[in-house]
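What follows is one structure encoded as C-alpha cells, with my remarks underneath.
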There are 2 protein chains.
Amino acid sequence: MTEAITVVVADDHPVFRSGLMDVLHTDAAFRVVGEAGDGEAALALVRRHRPRIALLDLEMPKASGLAVAEAVRHEDLGAEVVILTMYKDAGMFRRALDVGAKGYVLKDSAATDIVACLHMVANGRAYISPALSSELLERRASLPVAELASLVELTPAERRVLRLIAQGKTSSEIAATLAISVKTVENHRSHICRKLGLRGPQALLRFALEHKALLE
Amino acid sequence: MTEAITVVVADDHPVFRSGLMDVLHTDAAFRVVGEAGDGEAALALVRRHRPRIALLDLEMPKASGLAVAEAVRHEDLGAEVVILTMYKDAGMFRRALDVGAKGYVLKDSAATDIVACLHMVANGRAYISPALSSELLERRASLPVAELASLVELTPAERRVLRLIAQGKTSSEIAATLAISVKTVENHRSHICRKLGLRGPQALLRFALEHKALLE
DNA sequence: CTCTTTTTGGGGGGTACCCCCCACGCTGCG
DNA sequence: CGCAGCGTGGGGGGTACCCCCCAAAAAGAG
C-alpha cells in the first residue's frame, strides 16, 4: 500500500455513521481523519484536514451534502466528494453532478459497494450507484416529447440535411455532399426551422447538436 | 405479478450460461424463451420469440453481442439489449451504448445485480455496472488535453464571453448582458477563435456547446 | 516608470444563415 | 383530373459571424 486514503465522514445519524466507520475500518487503505454530524462541521473538518475524500450524507442539519460539496469545490479544497443518500431522486442526482460530486451512492448499497466507490474515486474515477445510471444515459439523447413529435414530421430530405448540420457542415458543404443546390439546402433549413419552431440565428445548429444522438 | 418478462439468453460458455439460467429461475418474473451459444443463433431466437430482453454475451462465435444488438435495433425487433461482458473496456462500452444497449453488466457482478439490471431494463430504464459509470461522466465534460490547455490561456473577459456563447446568446445579447459594445464582443470572439485554433463559421458555437460543462 | 497584456472600441469586407417571396416537375390521393 | 405535398431551383434583403486592420485607456509585470 502506498499511502492511506484520508476520508472525512459526515452523517447526521449516529448509528449509520458508526456503521460507516466500521465499513471503512475493514479496509486498511482508508484512514478516517474526521467525523461530523452536520454540514458545517463537515466543511470545517475538510478545511482543517484536507482529506482525499469527503463522504457526505445528502441530508444533514445546517448544510446539506450538496452545499458542502459546492463549498469544497469553490474553495478549491482538493477533496473529492462522494454523496451518500437514501433517495434515488433524479433531480438531486443531477444537482450532485453539477456541483462536481464524483460519487453518488445509495445508502442501501452493500458495504462492498461503498468501499469500491471510495477506491474508484480515490483513483480519480467516478462511481455512480447503478440504479441511477439510466439518468446519465438519458442526458445524452433525450428530449421533450413535443420536440420529438415535430421531429418525425420532417421529410426525408429535411432529415438528411439536419443530420449533416449536426455534423457541423455548412450549407455549401451539405449542398456538395448531396449534390444539390445551395439554395435548396437553405430552403430545407427554413422549412426545418419552421416545423421545429426555431427562431433566431444558429438556433438550428444548436438544436442539431443537442439532439445529434437522435438523428442516428 | 403482471406478466412474465421474456428473455433470450446467449453465451458461448455453457457453464456460465447454465449459471445464468439458474439466476433467472430464482426470480419468477422472468421466463427464458430461448438459449443460444452464438450470435447468429441468438438473433434467430430473438426474431422468432420477440422477447422483452436479449441478454447477450459480448464475445460470441459468429456474431458478437454488439452485432446482434445492432441487428435487433435495425430490424426493430422490440427487444431491449443487455450486454454481458468480462471486460470493463471503455471502448467496448461506448460501442454498446452506440448500438442502443440499455444494460451493460460485468460478468463478475453479483447475481442480484444481474437480476436488478434486467428488472430495470424491463421497466424502460437503463442499468450500467458502476465500474463503468465514470465513463459516462467523462463523456459530458472531458476534452482533449490540447484543447484544455488552450482553454486556460483565455483571459477572464474572453472566458466570460465564451460562457455566454455556450448559453446560446448572440453577440449583441452578450454585449447587452456585459454592458459593452458589440464590436468588443466580436473582437473577443476573434481572439478566442485564434487561441483555440478554430476556423470557419459557427466553429466557436460548436466548441462552446460541446464544452459547456467545462465553463462552469 | 517602462513594457506588456488586457480590455475596450471601431472600419471594412466576405461569407453564412434566416426569412420572405416565387416557380417547376414529380408523386400520390380522392 | 385537380390538388396537396415534396424536392428541386432562384431572388432579394437583413442580420450575425468571421477575419483582417487599427487605436487608446486600464491594469499588471518587470
Side-chain angles (χ1 to χ4, degrees), chain A residues 146-212 214-216, chain B residues 146-212 214-216:
Chain A
E147 290 180 357
L148 196 143
S150 48
L151 244 194
V152 302
E153 286 177 2
L154 297 182
T155 67
E158 287 162 355
R159 203 173 285 105
R160 219 155 41 225
V161 170
L162 185 54
R163 186 151 30 88
L164 292 171
I165 293 174
Q167 291 171 15
K169 294 189 191 294
T170 68
S171 289
S172 60
E173 286 171 340
I174 295 171
T177 309
L178 299 179
I180 57 179
S181 157
V182 176
K183 200 58 196 175
T184 303
V185 176
E186 290 191 346
N187 280 330
H188 286 313
R189 293 183 84 120
S190 286
H191 295 149
I192 296 170
C193 284
R194 184 170 315 194
K195 287 184 181 175
L196 299 181
L198 298 175
R199 296 228 135 249
Q202 273 77 18
L204 224 195
L205 177 61
R206 288 208 303 276
F207 179 92
L209 289 179
E210 282 166 17
H211 307 114
K212 205 171 185 170
L214 285 179
L215 306 172
E216 257 83 314
Chain B
E147 290 181 357
L148 195 144
S150 48
L151 244 195
V152 301
E153 285 178 3
L154 297 182
T155 67
E158 287 163 354
R159 202 172 285 106
R160 216 153 45 226
V161 170
L162 185 55
R163 188 152 29 88
L164 293 171
I165 293 174
Q167 290 171 16
K169 294 190 189 296
T170 68
S171 290
S172 59
E173 287 172 339
I174 295 171
T177 309
L178 299 179
I180 56 180
S181 157
V182 176
K183 200 59 196 176
T184 302
V185 176
E186 290 192 345
N187 279 328
H188 286 313
R189 293 184 85 119
S190 285
H191 295 150
I192 296 170
C193 285
R194 184 170 317 196
K195 287 184 182 176
L196 298 181
L198 299 174
R199 296 226 136 253
Q202 273 75 15
L204 225 195
L205 177 61
R206 289 209 303 276
F207 179 93
L209 289 179
E210 282 166 17
H211 307 115
K212 206 171 184 167
L214 283 180
L215 306 173
E216 256 85 312

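Worth saying up front: this structure is predicted, and the values here are computed from it rather than measured. In what follows, chains carry the letters A, B, and so on, assigned in the order in which the sequence lines appear, proteins first and then strands, with residues in each chain numbered from 1.
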*Would you mind reading off the distance between A:Arg160 atom CZ and D:dC6 atom P, rounded to a whole angstrom?*
13 Å
*Mind calculating the distance between CZ (B:Arg159) and C1' (C:dT7) to the nearest angstrom?*
15 Å
Please list, pair by pair, any protein nitrogen or oxygen found under 3.5 Å from a nitrogen or oxygen in nucleotides 23-26 of chain D.
none

*B:Ile165 side chain near B:Phe207 side chain, heavy-atom distance below 4.5 Å*: no
_Need the bend value for the helix from C:dC1-D:dG30 to C:dG30-D:dC1: angle between end axes, 5 pairs each end, nearest 10°._
40°
_Show me the pairs that pass side-chain hydrogen bond (donor to acceptor under 3.5 Å, both in side chains) and involve residues 198-209 of chain B, at least two apart or across chains._
none
*A:Leu154 CG to D:dC6 C1': how many Å, rounded?*
13 Å
*Counting just side-chain N and O atoms, does B:Thr184 come under 4.0 Å of either OP1 or OP2 of C:dG9?*
yes
*Are OP1 or OP2 of C:dT8 and a side-chain N or O of B:His188 less than 4.0 angstrom apart?*
yes
_Checking side-chain contact (heavy atoms from CB on, under 4.5 Å) between A:His188 and each of A:Glu158, A:Arg160, A:Lys183, which is the one that passes?_
A:Glu158
*What is the distance, rounded to the nearest whole Å, between atom NE2 of B:His191 and atom P of D:dC17?*
17 Å
_Between C1' of D:dG7 and CD1 of A:Ile174, the distance in whole Å_ = 16 Å
*If a pair satisfies side-chain hydrogen bond (donor to acceptor under 3.5 Å, both in side chains) and one of its residues is in residues 170-180 of chain A, list it, with sequence neighbours excluded.*
A:Thr170-A:Ser172, A:Ser171-A:Arg189
_Within this structure, what is the CD1-CZ distance for the pair B:Ile192 and B:Arg194, rounded to the nearest 0.5 Å?_
12.5 Å
_Tell me the closest heavy-atom pair linking B:Ala208 and B:Leu162, and the distance in Å._
CB-CD1, 3.8 Å
*If you take all heavy atoms of B:Ile174 and B:Val161, which pair is closest and at what distance?*
CD1-O, 4.1 Å
Please tabulate, one pair per line, each protein N/O and nucleotide N/O from nucleotides 27-30 of chain C that are separated by under 3.5 Å, including the distance.
none

*asked:* side-chain contact (heavy atoms from CB on, under 4.5 Å), that's the test. Do A:Leu178 and A:Leu164 meet it? Break it down for me.
replied: CA-CA 10 Å; A:Leu178 299 179; A:Leu164 292 171; 3.9 Å; yes
*Indicate for each nucleotide in nucleotides 18-26 of chain C, in 5' to 3' sequence, whether protein heavy atoms under 4.0 Å reach the base (B), only the sugar-phosphate (S), or nothing (-).*
BBS------
*Can you check whether A:Ser181 has a side-chain N or O nearer than 4.0 Å to OP1 or OP2 of D:dG10?*
yes
